[in-house]
Amino acid sequence: GGGALRGMAGAAARGPLPALLLPLLLLLPLLVPASSAEPELRFRPPAEAPVRLFTEPELARYDGHQEGQPIYLAVKGVVFDVTSGKEFYGKGAPYNALVGKDSTRGVAKMSLDPADLTHDTTGLTEEELKSLDDIFNNVYKAKYPIVGYTSRRILNEDGSPNLDFKPEDQPHFSIKDEF
């Protein structure tokens with residue numbers, strides 16, 4: 001009589017078992033949130049884009065002297081792509097001295113003196129600091145895309161990550177006047 005038992009087991013597998021599985025299958029998406037959250041991670045807004053860190057020698061490569069290479073300028077540790085302003089920042093252009101480095105002090109003092117082409121803001125007047133912020137927000141952040149940050153802005157003196165680092169937002173960013 002073993003055949004009859006086997007037949008009953010087969011019927012049981014076809015009967016109540018699938019009925020029990022159905023609610024579990026319906027609950028599965030709720031139990032596995034990872035799969036439903038995954039696509040959202042792929043389409044992050046640009047503000048979440050990976051932060052590119054520029055060392056001084058790296059930044060120096062983007063000084064407008066190489067044809068076909070983008071032109072980068074850092075102000076307050078933020079690296080802007082100023083390629084669209086080639087006539088201002090390209091090789092032989094009036095502000096070429098500012099590019100390929102962090103020129104925060106030069107921007108604040110409206111100076112192209114090589115001594116001022118540095119990140120160092122020590123001793124700047126209140127007026128120069130205000131001017132720096134105005135130009136930073138209304139010229140650079142408004143006209144040029146941010147491509148990264150200087151290592152000085154992202155890292156502490158000892159090279160460890162600066163936990164207070166916050167990427168700049170560009171809410172008023174609009175490319176204008178350059179094309």
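Values below: every heavy atom of this structure, side chains too, minus hydrogens, waters and symmetry copies.
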If only atom types and distance count, is the side chain of [X] paired as donor or acceptor with the main-chain N or O of [Y] below 3.5 Å?
X      : Y      : result
Ser103 : Leu98  : yes
Asn96  : Tyr89  : yes
Asp81  : Val147 : no
Glu128 : Thr125 : yes

Over all atoms of both residues, closest heavy-atom pair of [X] and [Y]:
X      : Y      : answer
Gly64  : Val99  : N-CG2, 4.4 Å
Ala97  : Leu112 : CB-CD2, 4.3 Å
Lys86  : Ala93  : O-CB, 3.8 Å
Leu59  : Ala74  : CD2-CB, 3.8 Å
Thr104 : His119 : CB-O, 4.0 Å
Arg105 : Asp120 : NH1-O, 3.0 Å

inquiry  = ring-ring contact (aromatic ring centres under 6.0 Å, His included) for Phe80 and Tyr144? Distances and angles first, verdict last.
reply    = CA-CA 6 Å; Phe80 294 96; Tyr144 301 109; 7.3 Å; no

query = Can you find a pair of side-chain heavy atoms, one from Lys109 and one from Leu124, that are under 4.5 Å apart?
reply =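 Yes, close enough: below the 4.5 Å cut-off.
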
ask   = How many angstroms lie between CD1 in Ile146 and CD in Gln170, if you round to the nearest 0.5 Å?
value =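 Going from CD1 on Ile146 over to CD on Gln170, the span is 3.5 Å.
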
ask   = To the nearest 0.5 Å, how far apart are CD1 in Ile154 and CG in Leu53?
value =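 If we round to the nearest 0.5 Å, Ile154:CD1 and Leu53:CG are 4.0 Å apart.
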
ask   = Without hydrogens or angle criteria, can the side chains of Ser111 and Asp113 be said to hold a donor-acceptor pair below 3.5 Å?
value = no

Enumerate donor-acceptor pairs with a distance under 3.5 Å from any side-chain N or O in residues 130-137 to protein atoms, sequence neighbours excluded.
from, atom 1, to, atom 2, distance (Å)
Lys130, NZ, Asp134, OD2, 3.2
Asp133, OD1, Lys76, NZ, 2.6
Asn137, ND2, Asp133, O, 3.0

query = Taking it one step at a time, do Glu67 and Lys91 satisfy salt bridge (charged side-chain N to carboxylate O under 4.0 Å, His left out)?
reply = CA-CA 9 Å; Glu67 209 40 64; Lys91 188 177 179 177; over 6 Å; no

ask   = Should we count CD of Glu56 as having more than 12 external heavy atoms under 6.0 Å?
value =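 Open.
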
remark   = Which of Tyr140, Phe88, Tyr62 passes side-chain contact (heavy atoms from CB on, under 4.5 Å) with Leu73? Answer is Tyr140

task = Begin from the C-alpha positions of Tyr149 and Phe54 and carry the test ring-ring contact (aromatic ring centres under 6.0 Å, His included) through to its verdict.
result = CA-CA 6 Å; Tyr149 299 87; Phe54 288 87; 9.1 Å; no

Listed partners of Thr150 passing side chain to side chain donor-acceptor pair (under 3.5 Å), at least two apart = none

inquiry  = I need the full list of side chain to side chain donor-acceptor pair (under 3.5 Å) pairs touching residues 159-168, with sequence neighbours left out, sorted by first then second residue.
reply    = Lys141-Glu168, Arg153-Glu168, Asn156-Ser160, Asp158-Ser160

query = Is there a salt bridge (charged side-chain N to carboxylate O under 4.0 Å, His left out) between Glu58 and Arg52 once you walk through the steps?
reply = CA-CA 11 Å; Glu58 251 182 319; Arg52 177 162 175 202; 3.7 Å; yes

